[in-house]
There are 2 protein chains.
Amino acid sequence: MKAKTKNDYAAQAAVIKAMAHPTRLLILNSLKKKETCVCELRDMVGDDISTVSKHLLVLKKAGLVAARREGNWLHYRLACPCVLDFAACVAGLKR
Amino acid sequence: MKAKTKNDYAAQAAVIKAMAHPTRLLILNSLKKKETCVCELRDMVGDDISTVSKHLLVLKKAGLVAARREGNWLHYRLACPCVLDFAACVAGLKR
DNA sequence: CATCTATTTGGCTATTTGGCAAAATAGATG
DNA sequence: CATCTATTTTGCCAAATAGCCAAATAGATG
């Protein structure tokens, strides 16, 4: 396997960074079960809806979630369910 | 499995956040091969040695690396080699 | 103890982040 | 087209981050 370049690490770090927030981990874990609209996520998270929307934007830019419109609602879903294996791996770290 | 609390997510996010930087991913990957002193890491990274030292502090606080002194040198090593499985998982994400 | 080397710490600046509130937007519906 | 609902965007502020340089520290060694 080739040595990774700075760019490789930057790309990888960008995805990891998107996950590096408690609220975003909560969102990702919720989406694991089912796709969910923003207002429902807001209720779970408890922050202002604009804040939740920004978190979703971060996740979307990282390619971790995607959205589907249905009437007035946007339903978000995991674009990449395997990220949760990654999160679970971290959760299981013995420190 | 119980629902995770905010604290669970905060703890998990703290570890992930420590990994969420290109230089720190580079460092972690280097340490995978062998334990390494700070000045050697500085050569690989190319930043000021104080910057590298601070990155190592971040990783140490997260429990991801540990150090061993040998004479003047501090040899850092992975405290938790499994984190790289995690990183590899992210690297392999299809986006 | 003086000094040397490797490393960490402190101080500074520029940039990014996370949060709320208010304004703007996108579709649905009257 | 007016209006309603769900969501995003913008503006703002406080706090955190990353980087460099200079100063401090920890051991080793003369």
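Convention: sequence-line order gives letters A, B, ...; per-chain numbering from 1.
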Counting just side-chain N and O atoms, does R42(A) come under 4.0 Å of either OP1 or OP2 of dA6(D)?
no

Does a side-chain N or O of S53(B) approach OP1 or OP2 of dT8(C) to a distance below 4.0 Å, or not?
yes

Non-hydrogen atoms of E40(A) and T36(A) that approach each other most closely:
CB-CG2, 3.5 Å

Is the phosphate of dT17(C), meaning OP1 or OP2, less than 4.0 Å from a side-chain N or O of H55(A)?
no

Shortest side-chain distance from I49(A), nucleotide among dT7(D), dG19(C), dT17(D)
dT7(D)

Which nucleotide in the list dT7(D), dG11(D), dC20(D) gets nearest to the side chain of C39(A)?
dT7(D)

Pick base, sugar-phosphate or nothing for K60(A), based on heavy-atom distances below 4.0 Å to the nucleic acid.
nothing

A side-chain contact here means heavy atoms from C-beta on lying under 4.5 Å apart; do V65(A) and L28(A) qualify?
yes

Heavy-atom nearest nucleotide on DNA chain C for L74(B) versus K17(A): which residue maps closer to 5'?
L74(B)

To the nearest Å, give me how far apart CG (D48(B)) and P (dC20(D)) are.
6 Å

Under a 3.5 Å limit on both distances, the Watson-Crick or wobble mate of dG30(C) is dC1(D)

Can you find a side chain N or O atom of K54(B) that sits less than 4.0 Å from OP1 or OP2 on dG10(C)?
no

Would one find a side-chain N or O of H21(B) under 4.0 angstrom from OP1 or OP2 of dG19(D)?
yes

Does S50(B) get its side chain close enough to the base of dC21(D), under 3.5 Å, for a donor-acceptor pair?
yes

Check this one for me: any side-chain N or O of Y76(B) less than 4.0 Å away from OP1 or OP2 of dT8(C)?
yes

Examine dA6(C): is either OP1 or OP2 under 4.0 Å from a nitrogen or oxygen in the side chain of H75(B)? Give yes or no.
no

